[in-house]
Amino acid sequence: MTAYFDNSATTKPLPEAVDAVARAMTETWGNPSSLHAVGDAANEQLEAARRTLASAFGCKPQEVYFTAGGTESNNIAVFGTVEALKRRGNRIVTTAVEHPSVEECMKRLEADGFDIVRLPVDTAGRISEEAIFEAVNEKTILVSLMLVNNEVGSIMPVKAAAKALKRAGAPGYLHVDAVQGFGKLPVGPKALGADLISVSSHKVHGPKGVGALFVKKGIRLVSPVLGGGQEDKIRPGTEGTPAIAGFAAAVDKGILHGDLSAHIAHVTEVRDIIRDAALATDIGAVNSGDDALPYILNLSLEGIPSEVLRNYLSEQGVYVSTGSACSKGHRSTVLTQMELDPRRIDSAVRFSFSYTNTVEEARYAAEALTRAANTLRRG
């Protein structure tokens with residue numbers, strides 16, 4: 001038996017998504033900008049996919065732009081906002097635990113002289129609403145927050161950021177990196193109060209290489225990507241219609257026609273089996289907060305190095321990660337910012353779940369964790 005619990009890194013594409021990709025590559029393979037019947041067929045499929053994403057966001061199709069993935073969506077949102085609003089202020093508020101696709105943007109902007117405020121997190125990986133209100137002032141041009149932390153599952157108070165911008169009379173936009181929350185929590189402008197929202201296909205059982213960016217009507221972005229007129233110049237370049245079709249199929253099957261409440265209940269049961277097994281050992285500790293999204297469980301078997309535990313579990317057919325797939329080889333910034341004991345950080349692994357995981361897989365993984373605790377500390 002095998003059990004794949006690295007869904008925050010990527011998910012297995014749904015059969016419906018695979019079929020949609022194949023059909024787009026063999027039947028509607030034209031350039032959607034071409035002004036003939038073959039192009040029209042591709043464009044019809046593109047716009048159908050846009051309507052599907054708009055339904056998931058609860059917005060108008062004209063507010064959805066397809067990108068190459070979450071990283072590109074985040075870059076366009078951050079740099080596009082700054083270029084559009086830089087004459088109105090220079091403060092940008094974010095967190096100390098953002099995904100590299102946001103943090104690396106912040107480093108560049110900081111080097112260019114922008115005032116970057118990184119809000120600290122508590123021991124559960126959360127920022128406080130009070131800190132947001134204190135940081136946002138009348139010179140704030142952007143607040144960029146992840147909805148769900150990709151390493152520990154903490155849920156950020158993004159709606160408070162929208163209120164803070166309004167209270168301060170700031171010109172800025174609220175950007176939410178919802179890559180880890182999409183398909184698991186309500187994600188859309190009404191639910192989040194956001195002006196810009198980034199999501200990714202391969203985190204919701206769609207293909208890699210495609211994402212989407214919600215841009216609220218009336219928001220002005222100056223995209224850092226230059227080219228033709230595709231996607232209203234927000235993300236120029238010929239649209240990858242096969243991947244987009246697969247993305248839409250995954251959203252339609254798993255989100256629009258899925259039961260998010262039932263999914264959360266099921267994933268919570270799966271998570272609890274593994275969490276309880278870790279805590280039943282005398283070296284187990286849970287690093288995710290009690291109110292973290294159940295789709296992500298960060299835990300430690302203290303004294304067993306992360307890489308050793310990950311490799312042992314892999315040999316047993318249980319697949320987990322030692323942190324973000326985008327931060328290989330580095331001690332976790334998130335766990336460090338949470339001020340956990342270094343020994344605990346160096347023993348941490350991340351289990352990340354999908355609604356497709358089964359209770360049987362969880363029990364199998366729990367048994368493997370117990371064996372690891374009994375075996376590896378003796379070695």
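For His263 and Phe353, the ring centers are positioned 6.0 Å apart or more.
Arg118 and Glu103 are joined by a salt bridge, as a carboxylate oxygen and a charged side-chain nitrogen come within less than 4.0 angstrom of each other. At a threshold of 4.0 Å, the pair Arg343-Asp346 does not count as salt-bridged, since none of the basic side-chain nitrogens sits closer than that to a carboxylate oxygen.
In this structure, Pro189 and Ile197 have side chains that are in contact, with non-hydrogen atoms separated by less than 4.5 Å. Using a 4.5 Å cut-off on side-chain heavy atoms (C-beta onward), Arg344 and Pro342 make no contact. For the pair Gln230/Ser33, a side-chain contact is recorded, criterion being any heavy-atom separation below 4.5 Å from C-beta on.
Evaluation of the ring-ring contact (aromatic ring centres under 6.0 Å, His included) rule for Tyr319 yields no partner, not counting sequence neighbours. The ring-ring contact (aromatic ring centres under 6.0 Å, His included) search around His266 returns none, not counting sequence neighbours.
Heavy-atom minimum distance, Val187 versus Ala178: CG1-CB, 3.7 Å. Of all non-hydrogen atoms in Ala9 and Lys203, the two that sit nearest each other are O-NZ, 2.9 Å.
Distance check, rounded to the nearest 0.5 Å: CG of Asp122 to CD of Glu339 gives 10.0 Å. For the atom pair CG (Asp177) and CG (Leu145), the distance works out to 9.5 Å, reported to the nearest 0.5 Å. The structure places NZ of Lys216 at 9.5 Å from CG of Leu174, a figure rounded to the nearest 0.5 Å. In this structure, the separation between CD1 on Ile304 and OH on Tyr312 is 9.0 Å, given to the nearest 0.5 Å. Taken to the nearest 0.5 Å, the CG atom of Asp291 stands 7.0 Å off from the CD1 atom of Ile155.
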- request: Given side chain to side chain contact (heavy atoms under 4.5 Å, CB included), test Ser314 with Gln316 step by step and report yes or no.
  value: CA-CA 5 Å; Ser314 181; Gln316 306 293 310; over 6 Å; no
field: From CA spacing to verdict: salt bridge (Lys or Arg N to Asp or Glu O under 4.0 Å), Asp112, Lys86
entry: CA-CA 11 Å; Asp112 289 341; Lys86 63 184 180 182; over 6 Å; no
Chi angles and distances behind the side chain to side chain contact (heavy atoms under 4.5 Å, CB included) call for Lys184, Leu260: CA-CA 6 Å; Lys184 303 163 189 173; Leu260 297 190; over 6 Å; no
- request: Carefully, step by step, assess Leu369 and Ile274 under the rule side chain to side chain contact (heavy atoms under 4.5 Å, CB included).
  value: CA-CA 8 Å; Leu369 262 182; Ile274 295 171; 3.7 Å; yes
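A side chain to side chain donor-acceptor pair (under 3.5 Å) with His175 holds for exactly one of Thr81, Thr94, Asn74, Asp195; it is Asn74. Here the rule is side-chain contact (heavy atoms from CB on, under 4.5 Å) with Arg50, and of Gln45, Glu231, Gln62 only Glu231 fits it.
Judged purely by atom type and a 3.5 angstrom limit, Ser347 uses its side chain to pair as donor or acceptor with the backbone of Gly303. Side-chain N or O atoms of Ser352 include one that pairs as donor or acceptor with a backbone N or O of Ser8 at under 3.5 Å. Judged by distance alone, with hydrogens and angles left aside, the side-chain atoms of Ser300 form no donor-acceptor pair with the main-chain N or O of Glu302 at under 3.5 Å. Side chain of Thr140 to main chain of Val136: no donor-acceptor pair is present (N/O by atom type, distance under 3.5 Å, no hydrogens or angles). Listed for the Thr370 side chain is a donor-acceptor partner under 3.5 Å among the backbone atoms of Ala366.
For Met25, the CE atom sits in a loose shell: 12 or fewer heavy atoms of surrounding residues, nucleotides or ligands are nearer than 6.0 Å. Heavy-atom neighbours of Arg371 CZ from other residues, nucleotides or ligands within 6.0 Å: above the threshold of 12.
Ring geometry for Phe66 against Phe247 counts as perpendicular: the plane angle is over 60°, on a 0 to 90° scale with 30° as the lower cut.
Side-chain atoms of Asn31 and Asn43 include no donor-acceptor pair closer than 3.5 Å.
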